[in-house]
Number of protein chains: 2
Amino acid sequence: MTDNISPAAFTCGLDATLRVIAGKWKPLIVYFLAQSPNRYGELKRAVRGVSDKMLIQQLKELEADGLVRRTDHKEVPPRVDYALTPLGRSLSEALAPLCAWGSENMEEVARVFAERATWAEKSA
Amino acid sequence: MTDNISPAAFTCGLDATLRVIAGKWKPLIVYFLAQSPNRYGELKRAVRGVSDKMLIQQLKELEADGLVRRTDHKEVPPRVDYALTPLGRSLSEALAPLCAWGSENMEEVARVFAERATWAEKSA
DNA sequence: CAGAATCCATAAAGATACTG
DNA sequence: CAGTATCTTTATGGATTCTG
């Protein structure tokens, strides 16, 4: 009953990781924070297209999950910055190969997506 | 109309990768196919909890994206198997560190998720 | 500047039943 | 066995407005 089927029962390591980085923006946030700790505003500019709502929401979850540390400097005007914890940093390193894969195969991926867009257009 | 961004314009390599593996089951599918090419039924058993609809849907997208190759042996009863293409295999290798990260930190992740479940219960 | 609160549209996923 | 088809639900994300 105790550790039978808990909500946090992962089928494998990958499954566990996926639940932590679930969300459209989390991997990108971790990736940008790995390059440099950032203030809220800078982060928002770096993660292009994200809304305040989503950025805050995902930052809070990352913080709750122990990947990100939030520091409020209690100044006026507000100054808050975000940085990775050691756990977050280790995750960002695991993410690096995905960045590399995307960079190496971007042409091919873009081509395939363009084709998809084409027939999506035709069927509309 | 602000700045016209094409559908396949990625902000960085990670962004490109994320679009390819977007979907609850895709990374797991690639992961399992990397270990051994599989028939449809085996794959379904391996990816625990997936429905036919989702499995087929995501397999089709992976196939359209050039990561998976589907082979229909045209037999009765039907026999179809799925395997990674070279591109898919390279992606599976990039995924490996995420598996490792999840395995190494599963305890911690599970603990955090359990806490979340606790206060989600309380607010209900 | 760094959010919070609210409302809304859509996309993603699940359940179920059926088929060659 | 390897899927389809349809319906319903839920999760996700976006737009807007407001605030200390």
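Throughout, protein chains are lettered first and strands after them, A, B, ... in sequence-line order, and every chain is numbered starting at 1.
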**Request:** Just jot down the salt bridge (Lys or Arg N to Asp or Glu O under 4.0 Å) partners of A:Arg79, sequence neighbours excluded, or say none.
**Result:** A:Glu75
**Item:** With sequence neighbours excluded, residues passing salt bridge (Lys or Arg N to Asp or Glu O under 4.0 Å) with B:Asp15
**Value:** B:Arg19
**With sequence neighbours excluded, residues passing side-chain hydrogen bond (donor to acceptor under 3.5 Å, both in side chains) with A:Arg70** = A:Tyr82
**Request:** May I have all residue pairs that pass salt bridge (Lys or Arg N to Asp or Glu O under 4.0 Å) and include part of residues 92-102 of chain A, sequence neighbours excluded?
**Result:** none
**Fill in**
Hits for side-chain contact (heavy atoms from CB on, under 4.5 Å) against B:Ala34, two or more places apart or cross-chain, chain-then-number order -> B:Leu84, B:Ser92
**Asked** Taking five pairs at each end of the helix from C:dC1-D:dG20 to C:dG20-D:dC1, what angle separates the two helix axes (nearest 10°)?
**Response** 60°
**Fill in**
Residues pairing under side-chain hydrogen bond (donor to acceptor under 3.5 Å, both in side chains) where one sits in residues 30-39 of chain A, two or more places apart or in two chains, turn out to be A:Tyr31-A:Gln35
Pairs under 3.5 angstrom only: tabulate donor-acceptor contacts from the side chains of residues 97-109 of chain A to other protein residues two or more places apart or in another chain.
residue  : atom : partner  : partner atom : Å
A:Trp101 : NE1  : B:Ser90  : OG           : 2.8
A:Ser103 : OG   : A:Cys99  : O            : 3.0
A:Asn105 : ND2  : A:Trp101 : O            : 2.8

**Item:** Residue-level proximity of residues 69-83 of chain B to DNA chain C when a heavy atom falls under 4.0 Å
**Value:** B:Pro78
Please list, pair by pair, any protein nitrogen or oxygen found under 3.5 Å from a nitrogen or oxygen in nucleotides 11-15 of chain C.
residue : atom : partner : partner atom : Å
C:dA13  : OP1  : B:Lys24 : N            : 2.6
C:dA13  : OP2  : B:Gln58 : NE2          : 3.1
C:dA13  : N7   : B:Lys53 : NZ           : 3.2
C:dG14  : OP1  : B:Lys24 : NZ           : 2.6
C:dG14  : OP2  : B:Trp25 : NE1          : 3.3
C:dG14  : N7   : B:Lys53 : NZ           : 3.4
C:dG14  : O6   : B:Lys53 : NZ           : 2.4

Per-pair distances, 0.1 Å, donor-acceptor, side chain in residues 20-30 of chain A, under 3.5 Å, sequence neighbours excluded:
residue : atom : partner : partner atom : Å
A:Lys26 : NZ   : A:Ala22 : O            : 3.3
A:Lys26 : NZ   : A:Glu61 : OE1          : 2.6

**Fill in**
The nucleotide from D:dG3, C:dA4, C:dG3 with an atom nearest the side chain of B:Tyr40 is D:dG3
**Item:** Under the salt bridge (Lys or Arg N to Asp or Glu O under 4.0 Å) test, residues paired with B:Asp81 that sit two or more places apart
**Value:** none
